[in-house]
Amino acid sequence: MKISYKWLKKFVDFDLNLQELVSVLNSIGIETVVVSAGSGWTNVVAAKVLTVQKHPQADKLSLCKVSDGSNDYSIVSAAKNIAVGQIVPLAKIGAVLPGNFKIKESKIRGIKSEGMICSEAELGLLEKSGGILVLNEIAKIGDALENVLGEADSILEIEITTNRGDCLSHLGVAREISAKLQKAVALPAIKIFNTADLQYVEIKSNLCSRYIGSVISGIKIGPSPKWISDALEKSGIRSINNVVDITNYVMIELGQPLHAFDITKLSSKRVIVRKAGDSEKITALNGIEYKLDSDMLIIADKEKPVAIAGVMGGEYSCIDEKTKTIFLESAIFDSASIRKTSKKLNLSSDSSYRFERGLGWDMSEFASWRAVNLLTEIAGGKLESRKDLKIVEYEQIRIALRIERVSKVLGYAVEESEIFSILKFLGIDVKYGNGRIFCNIPSWRNDIKEEVDLIEEIARIKGYDFIPSPKISHTQIYAQDNSFLPVVVKKFRVKLNSLGFSEALNYSFSEISELDKFGLKYFYKIMNPISKENEVLKPSLLPALYKNLLLNIDQGCEIAALFEYGKIFNELGERKTFALIMCGKVWREWWKWTEQKISPKYDFYFGGGIIRNILPDGEFKIDKNLNPRSYYHFGKNAAVLYRGRPIGQLGILNPSISDSVKDDVFYCEIDLEPLEDVYVEKKSVYKAYSKFPAVKRDISVTADKSLRFAEIENIIKNFIKSGSCLKEYSLFSVYSDETRLGGGKVGYSFRLSYKNNERTLTDEEVNKDMGALLKKLDDETGVKLRRQ
Amino acid sequence: MNDIEHIVNEVSEKIKNSDIAALEKIRTEYLGKNGVLTHILKSLHKYSIKEKKKIGSEANKAKTFIENEIEKRKENLKEALVNEKMQKEKLDYSQSFYFPFAKGSFHPVIETIETISSVFKSLGFFVAEGYEIENDWYNFEALNMPKSHPARDTQDTFYLEGMRNLLRTHTSPSQIHIMEKQKPPVRVIVPGRVYRNEASDSSHSSTFHQIEGLTVDENVTFTDLKAVLTEFVGRFFGSALKVRFRPSHFQFTEPSAEVDIQCFFCGGKGCRLCKNSGFIEILGCGMVHPNVLKAVNYDSEKYTGYAFGIGIERITMLKYEIDDIRLLYENDLRFLKQF
């Protein structure tokens, strides 16, 4: 809401300049910025334009001669609206404009300029302006601009928290200033008339708690006086006619929305406050037709809705130039109902904004009289009749504040006398007694409901800065070092980071059509998504990570390796999950590696190797995938087991999914929920290592292709465990040339490492041991030593 | 006598310009079996006892001296040789060192969560977690936000189909879960994802992260809230910056405050980033509303507490000067690799 500095001053006589006022308002919880800063300039005077010529070097510039009565100045100006004879604001050399813009002598396209002719925007009077400001022709040349304009007003933009609807007016903000400065607020003087009772208002819903109707006749519709239209303009409201402007003026002055109907347009002169029928419609003042329903409160005449209560009037009953008699409404409607209606219709207004936040009981009456006064003074009206319908009895809120509770909450003891006076200046009726202050809360403060609300008021007005902030001298540390990231994820992150992976973060949503592509099902659908992207909660991290991969490949990235920690939402609920995706080159090429010019690409085995490397030792295993996801290549996937239980899968994506990528895409996803309390530190026990050199032997064997490599491996592992001097083995070659090996065969080459802790092994010992292994392999799996 | 001195001078001169082979020759020539000095020592018997002593000692000294000179020269020659070799092998380091893997990176949002968590951990807070799928009670009602309260308007909510659940709009529901599970004292932070059903632009995102903080105990006051958050701001942003507590409103805290820090861009003079106010808003906080304590059956007379909520993306963007929140969720490696 826009607030006028000068208008505030009419309510409370404060002695603060603009900046001081802004900081006071901010300090009591009203976020305030300056929209326009009044006379934020120095050394700007009224000057007369004597001559205007084209700038010889620039078509868009003019060369002007202006006079301030004692001197002539040559000025280069870009303004199109400049003309001989105008009185204009001249910022002389040394002038300072808003934004600390200093005017210096300058040369513009080769011509000297001895100052600047200003626009309203440059003077900070408006946010935007079309050209230079042309002053009234009776302005005295040489006078300071602030004197010519009359002291310009400053406009503030304030933001009010949702609980403080009472601050949505000049009076409301003035009350806050008054509380802070401990100065009284002066309300505008009103006259109260005795009139006939108005007969034709009927309230049929308890969503309206108070309704004041006034009939005013003899209205002459016309433009508003300047002080009203100016005031509205400063608050950003367009002037329409005197009657509508008065209702708006009173709203921004006092905070109470008002509505004026042309009474002659109401059928049978009935005003009925009721809920709408399900098939009723209304064309509102904005020209749009709205379909109403039985939850919505409306104002109707005998036949039809004439206004959506508290939200917007109907076009049908609006004030026009022929209007002579008006019906003025000042009411209190249920804030929740107005909010619902406004949301449902997607229609909000200055009025609904205020009703939603709740209005003061007393203010509806005061505002109605204020408007009647202005209508009689300005629009020639005469109050004919009036009725104040109170549907409920207003009950003032009474709270007993325990003084000791203030310091119990704040940790700082505010003096009793100070508490007393803060509350008093907030308009609270206070009485002291027995360690307590009995408070009668004024009707406009519907946010104050209990003791703690009063404590906030005391802290707020006293100033949060006054509450001390002791230096923390000791800290307590929890024994358990817990974190947002599960322990395993912390390990994964560090290891993957040094392998060149980047951490990604994706939204939790997915589109159904996107999931279909990966053969994924969703388990949580969003009821009210505002875009298709938010249709469902993602059941896997894959779709988003795959999209990330494509984005990076598209922009020319050759090495794409990403990981992500986040939640997925599947049949088991929300699950903490870790995933990684990789595609393309493993490493960057290097000029020095002549024999390794071309980097290998990520494939199934390398990807699996990375997973094996990042998994903590011990209870994790990569094994046969019994239930592979359909998004995997059915021949290139495996399962990650934890204590024998599958917790994740890894593999190459099904080529039909990754068809737009030429390389293999490796993806692994691990469910972290079963890993909540994994102990990831290595459970190692030191064993003395042999001080004698190892004997290395390379052997090549042939096996049937149908034999799983794991079976060969198991035999070797068991052989090592059985106490052989074979200690380590590694697979260094896989050979599949069937023309040389024989059909259906595959060749493996192992490097075997033999060691004894006490002595150096002899050739015979090693040969004997190797022979035993080969025999075992042959006996159990038919694997035979290959002879070249 | 003069002979020995003469010999020493002569040999010293020779050694200066000899290579390794020549040095060996010199050694043989002077110190060898038939060397000049050996010869002198062998012929000592020709002299008187007095002379014998003198010449003998002179000759032995000369022998040691020459020995040392030869060794010294040898060392110098070796060193020169190695230097020459290194000179030949000299590499231009600017031709780039090499590490085969690309540069890895951590996501700035996760890093911010970790950094903030570690500050609060050192202040005695326990890191807990919450659910992202919540219901109306935890997300709103228990937090003193009854149905049709306008405060709900500022938190456009995603509802899940077929059930009465929603995606949490803030991390505050975790306050309720934690207090339901334990008795005071409570001292936790809860980092996590939250959701708002709103169109995204450079400063709004349907998904973002918060860190919730909660302390409940006997005798917890607004003073403690100020102390802890001032300490946090000092450790995270630097203690040179001014901190400002400004009254605000949240349904679940009373009194409520927003915390601003002096703009670190302009030092408080006013700039584009702080909208000329000199301050930047960084978090919301307040004393736990008695209604919230009542909702979890805590004795609101006996216990008081404070709570706070920090927007992670906002702080991350400030810290790294990121001007569009969507960059954080695009996962373009050109962006990610910068962290």
Side-chain angles (χ1 to χ4, degrees), chain A residues 26-29 33 161-163 336 339-340 356-357 408-412 452-453 455-456 459-460 464 467-470 472 475-478 482-484 493 496-508 524-528 530 534 548 551-552 557 559 562 567 574 587-588 590 592, chain B residues 98 100-107 109-110 113-114 117 121-124 126-127 131-133 148 150-151 154 158-161 191 193 197-199 206-207 221-224 226-228 230-231 245-249 254-255 257 275 277 287 289-290 304 328-334 336-337:
Chain A
N26 275 313
S27 79
I28 55 176
V33 289
T161 53
T162 50
N163 61 330
R339 176 172 170 272
K340 248 197 198 142
E356 281 173 28
R357 279 155 180 78
K408 175 126 171 113
V409 172
L410 299 182
Y412 168 75
V452 72
D453 298 324
I455 296 173
E456 175 175 69
R460 190 172 70 86
Y464 283 3
I467 299 174
S469 166
I472 292 180
T475 55
Q476 46 186 131
I477 314 270
Y478 275 90
N482 60 338
S483 162
F484 167 66
R493 288 173 92 234
L496 289 172
N497 180 289
S498 54
L499 290 172
F501 281 72
S502 286
E503 183 169 37
L505 209 54
N506 281 290
Y507 298 117
S508 303
Y524 296 88
K525 191 159 187 244
I526 302 293
M527 203 163 72
N528 57 338
I530 48 169
N534 299 335
N548 300 157
L551 166 88
N552 285 298
C557 182
I559 309 172
L562 294 165
K567 277 185 176 169
E574 52 177 278
W587 53 59
R588 297 173 295 152
W590 194 25
K592 189 142 188 306
Chain B
Y98 184 68
F101 298 108
K103 179 191 172 292
S105 58
F106 293 127
H107 199 280
V109 165
I110 305 283
I113 291 176
E114 288 289 277
S117 302
K121 273 196 270 185
S122 75
L123 293 171
F126 186 78
V127 185
Y131 308 104
E132 291 176 16
I133 298 174
S148 79
T154 58
F158 282 111
Y159 290 94
L160 295 172
E161 231 171 47
R193 260 182 195 216
N197 195 359
E198 53 186 27
S206 63
T207 306
T221 70
F222 199 89
T223 317
D224 301 312
K226 277 189 81 173
V228 160
T230 306
E231 184 71 21
F245 285 72
R246 189 165 40 75
S248 187
H249 173 71
E254 189 86 13
K275 291 177 192 140
S277 68
M287 298 302 291
H289 198 287
T304 44
L328 294 168
Y329 290 93
E330 244 165 35
N331 300 311
D332 189 319
L333 285 164
R334 290 170 296 183
L336 294 178
K337 295 279 186 202

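Below, chain A is the first sequence line, B the second, and so on; all start at residue 1.
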Flag the pair A:Phe484 / B:Ile110 as yes when at least one side-chain heavy-atom distance between them is below 4.5 Å, and no otherwise. yes
Please examine the side chains of B:Glu330 and A:Asn552, heavy atoms only from C-beta on, and report whether any two atoms are closer than 4.5 Å. no
Part of [X] within contact of chain B (heavy atom distance under 4.5 Å):
X	value
A:Leu496	neither
A:Tyr507	both
A:Leu551	side chain
A:Ser508	both
A:Lys525	both
A:Asn163	both

Counting only heavy atoms not in B:Tyr131, do more than 12 fall under 6.0 Å of its OH? no
Does any backbone or side-chain atom of [X] lie under 4.5 Å from a heavy atom of chain A? Answer side chain, backbone, both or neither.
X	answer
B:Glu231	side chain
B:Ser248	both
B:Pro290	side chain
B:Ile113	side chain

Going by the side-chain contact (heavy atoms from CB on, under 4.5 Å) test, name the single residue among A:Asn548, A:Asn506, A:Leu505 that passes it with B:Tyr329. A:Leu505
Residue pair A:Ile530 / B:Ala199: nearest heavy atoms and the distance that separates them: CD1-N, 3.1 Å
Might you point out which heavy atoms bring A:Ser469 and B:Thr230 nearest each other, and give the distance in Å? OG-OG1, 3.3 Å
